[in-house]
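Everything below concerns the one structure shown next.
Side-chain atoms are counted along with the backbone in the values below, which use heavy atoms only and exclude waters and symmetry mates. Below, read A as the first sequence line, B as the second, and so on, with proteins coming before strands; counting in each chain starts at 1.
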Number of protein chains: 2
Amino acid sequence: MSMTSSLPPLTNRQRLVAHARALFAERGFEGVSVDEIAAAAGLTKGAVYYQFKDKTDLFRAACEAVLADVRDRVETASMGHSAHHLDEIVIGGDRLYDAYDAPDARRLLLVDGLTVLGVDGWIALQEPVGVGLIAHALSHLADERLIEPDVVPALAHLLFGAFVQGALRIAASSDPQAAGVEVRRATRTLTQALLSGAGAPLKETQWLPLP
Amino acid sequence: MSMTSSLPPLTNRQRLVAHARALFAERGFEGVSVDEIAAAAGLTKGAVYYQFKDKTDLFRAACEAVLADVRDRVETASMGHSAHHLDEIVIGGDRLYDAYDAPDARRLLLVDGLTVLGVDGWIALQEPVGVGLIAHALSHLADERLIEPDVVPALAHLLFGAFVQGALRIAASSDPQAAGVEVRRATRTLTQALLSGAGAPLKETQWLPLP
DNA sequence: ATGAGGATCATACCATGAGTATGACGTCAA
DNA sequence: TTGACGTCATACTCATGGTATGATCCTCAT
């Protein structure tokens, strides 16, 4: 069904990334050998190590390819739907779950990415897209004084973590359909709570002193 | 400082787990060889593969050892502090961050665990402790009708994901001290919003139809 | 044209490490 | 004593990441 538009006919580097993406999505980073990826692209290991520094570098390139698709899906889908600023955090959230429904996004970005790229690499990868989209939505809540503006970066990161676990919970469920609505409901409970402006007062040290 | 109470003098299996835990915490699952772990325990590879099925099995045992300590730290610390039921979600949250401050908890449970054990294994590992504690706290909110009872399991999982990313954000920061208070503040914004009872009304499909 | 030089990739090779097979050593019961 | 079993060491295989080096092709100046 996919139009397989090969204009121009794809450079070898792109073909390596494409096959790496497919194989990594199927059997994970450790489950696929470099020779196998090269063979799938009709090449050998020499081509891989000329184009990429090491196996991790190839994995990173595959991650960025997946992430580009995720960004496209989320942005185009949320385009025109946000009647009000405040809706986009719940609408965009559903689109995020849709995007993370793809096997390659799950395996590369959510499962293997953290271990392979390390904590810093993982955060650097997710910041522009996943975290960034949430931060953008939260900034509108901060404009309306529903939350404090200076908690937006960290809060976006936390919410992104919630989305990650939500996607994994759906993936691990024996009934992904039912788990999908369950997780989306729980996510709305979370975002709805933010939208109510309950985070605004925040009398410092009302609960416990911060160390 | 740790009392190193060796009574009885530790079986070889326990010593393997202990050294595996330390080495995995230092250089990760892929960064440590089985021979190295065996040598650190004064043994050889044969002992490892007699006691454990494979390297992953040893890693799982190390994870459970770390997790036992996490549970102890969180439970004993939150013991007697929760004047009201509703406090424990924010108090216990701070204790969770404290527990995930340890290098072994970070590396084994938060970074390597997901990839090594797989999604199902990882969830099965975290469910009894991390997710379970949050679910317990949330159940009290459900008793007070602050949230719907049937969203508790999924919501606990989501909040646990937020804690995971919070801990990772602290770990990756160049100033963990400052990042610690930043993340804890953001976490309280989240939990405080739940405590306000904003999740209760939840008019179905007010925003979007669930698929 | 032609040869120099670089870009791109294949081939051969090495080192490491997970997993297996098998044997050695002990203990204990009969 | 001996035989069975639990525990571990040793020796081996095999897959794989990475490197070194050589082959091929394209480009371009002379």
> How would nucleotides 10-21 of chain C be written as a contact map, 5' to 3', with B for base contact, S for sugar-phosphate-only contact and - for no contact, using protein heavy atoms under 4.0 Å?
Replying inline: BB-----SBBB-
>> If you apply the rule side chain to side chain contact (heavy atoms under 4.5 Å, CB included), what do you find for B/V152 with B/L141, and how did you get there?
In response: CA-CA 9 Å; B/V152 166; B/L141 302 191; over 6 Å; no
>> Quick one, B/R60 with B/T56, criterion side chain to side chain contact (heavy atoms under 4.5 Å, CB included). Give me CA distance, side-chain angles, the key distance, then yes/no.
In response: CA-CA 6 Å; B/R60 184 188 343 265; B/T56 298; 4.0 Å; yes
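Residues meeting the salt bridge (Lys or Arg N to Asp or Glu O under 4.0 Å) test with B/R15, sequence neighbours left out: none.
Rounded to whole Å, atom P of D/dT19 lies 12 Å from atom CG of A/D57. Here the C1' atom of nucleotide D/dT24 and the OH atom of A/Y50 are 14 Å apart, to the nearest Å. As rounded to whole Å, 13 Å separates atom C1' of C/dG26 from atom CG of B/N12. Whole-Å rounding puts the A/F52 CZ to D/dG18 P distance at 13 Å. The separation between A/L16 atom CG and C/dT8 atom C1' is 12 Å, rounded to whole Å. Distance, A/R27 CZ to D/dT16 C1': 14 Å, rounded to whole Å.
The phosphate of D/dC8 has OP1 or OP2 within less than 4.0 Å of a side-chain N or O from B/Q51.
With a 6.0 Å cutoff to the six-membered ring centre and a 45° limit on the axis angle, A/R13 counts as a cation-pi contact of A/F52.
Ion pairing of B/D94 with B/R184 is present here, as a side-chain N (NZ or NE/NH1/NH2) and a carboxylate O approach within less than 4.0 Å. Under 4.0 Å is where a charged nitrogen must lie from a carboxylate oxygen, and between B/D101 and B/R73 no such pair does.
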